[in-house]
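Below is one structure; the comments refer to it alone.
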Amino acid sequence: MRLGRIASPGGVAFVSIEGAGPDGVTPDAVAKEIAEHPFGTPTFTGRSWKLADVRLLAPILASKVICIGKNYADHIKEMGGRAPASPVIFIKPNTSIIGPDVPILRPPSSERVDYEGELAVVIGQPCRDVKAARAKDVILGYTVANDVTARDQQQIDGQWTRAKGYDTFCPLGPWIDTDFDPSDVELRTELDGEVRQRSRTSLMLHDIGAIVEWISRVMTLLPGDVILTGTPEGIGPMVAGQRVSVTVEGLGTLSNPVGERS
Ligand code: MG
């Protein structure tokens with residue numbers, strides 16, 4: 001099932017999306033309204049809309065977004081670092097989340113704002129101390145993310161809260177796929193239609209089970225929490241007027257324009 005959130009004539013609603021292609025919204029796609037929340041077995045209100053007539057929002061408002069740094073060897077190489085023995089984690093504030101097609105706003109304080117295309121995990125139930133082999137049981141599904149980073153401030157600060165935490169720096173979407181197998185799919189980032197990142201999720205140094213185990217030993221995970229699993233080689237800057245699109249093969253494409261924050 002594909003779960004999304006939409007701005008509909010009746011307000012904001014969780015929906016099940018049926019009939020959309022993996023890379024975008026097809027003309028016959030339909031959004032069926034879910035009563036209350038999408039965790040567990042959803043019940044439907046009976047209302048539905050053509051997907052083309054509503055606006056897709058970020059598919060979830062996470063209480064926290066936990067990110068893995070340095071999880072692809074080729075990206076560690078391009079950054080000049082070393083592979084960590086254990087996953088390096090950091091947090092993006094939930095106020096950085098935006099949905100598809102909402103502009104990423106470059107703050108005037110940064111000279112260089114980069115895209116980082118990533119696969120994202122969405123947690124489905126409260127959990128802690130989850131063993132890697134049981135991670136599947138606590139995962140609701142998967143979505144696409146862009147871990148937008150003020151690269152100059154990441155280097156100046158020595159830690160990443162400011163560089164990764166600006167409003168609009170966590171695009172998520174277009175939906176959560178609950179049946180998706182993320183173990184070996186292509187991850188691709190395009191800037192104005194030019195391919196800038198192309199890798200495979202099978203090249204992660206720490207796989208999703210290991211990541212969930214590691215994080216849930218540190219903090220309780222809540223339904224809707226999002227985990228960004230790291231970016232591969234090819235990161236680079238974006239400027240206002242450009243459009244960045246991240247595609248996870250078979251899952252979907254998350255596309256956002258870039259603007260300036262006044
Ligand atoms: Mg990242």
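By convention here, the first residue in the shown sequence is residue 1. In listed order, ligands and their atoms are each counted from 1. Since the model is a prediction, treat every value here as computed from it, not as a measurement.
Between Glu18 and Lys32 there is a salt bridge, with a side-chain nitrogen of the basic residue lying less than 4.0 Å from a carboxylate oxygen of the acidic one.
Among Asp147, Asp114, Asp157, the single residue meeting the salt bridge (charged side-chain N to carboxylate O under 4.0 Å, His left out) criterion with Lys164 is Asp147.
Side-chain contact of Arg2 with Ser16: a donor-acceptor pair under 3.5 Å is absent, judged by distance alone. Counting only N and O atoms by type, the side chains of Asp225 and Ser63 include a donor and acceptor under 3.5 Å apart. For the residue pair Glu260/Ser262, the side-chain donor-acceptor check at 3.5 Å is not satisfied.
In Glu36, the CD atom is not crowded: 12 or fewer heavy atoms of neighbouring residues, nucleotides or ligands sit closer than 6.0 Å.
Taking a cut-off of 2.8 Å, the protein N, O or S atoms nearer than that to the Mg ion (ligand 1) are Glu116 OE1, Glu118 OE2, Asp147 OD2.
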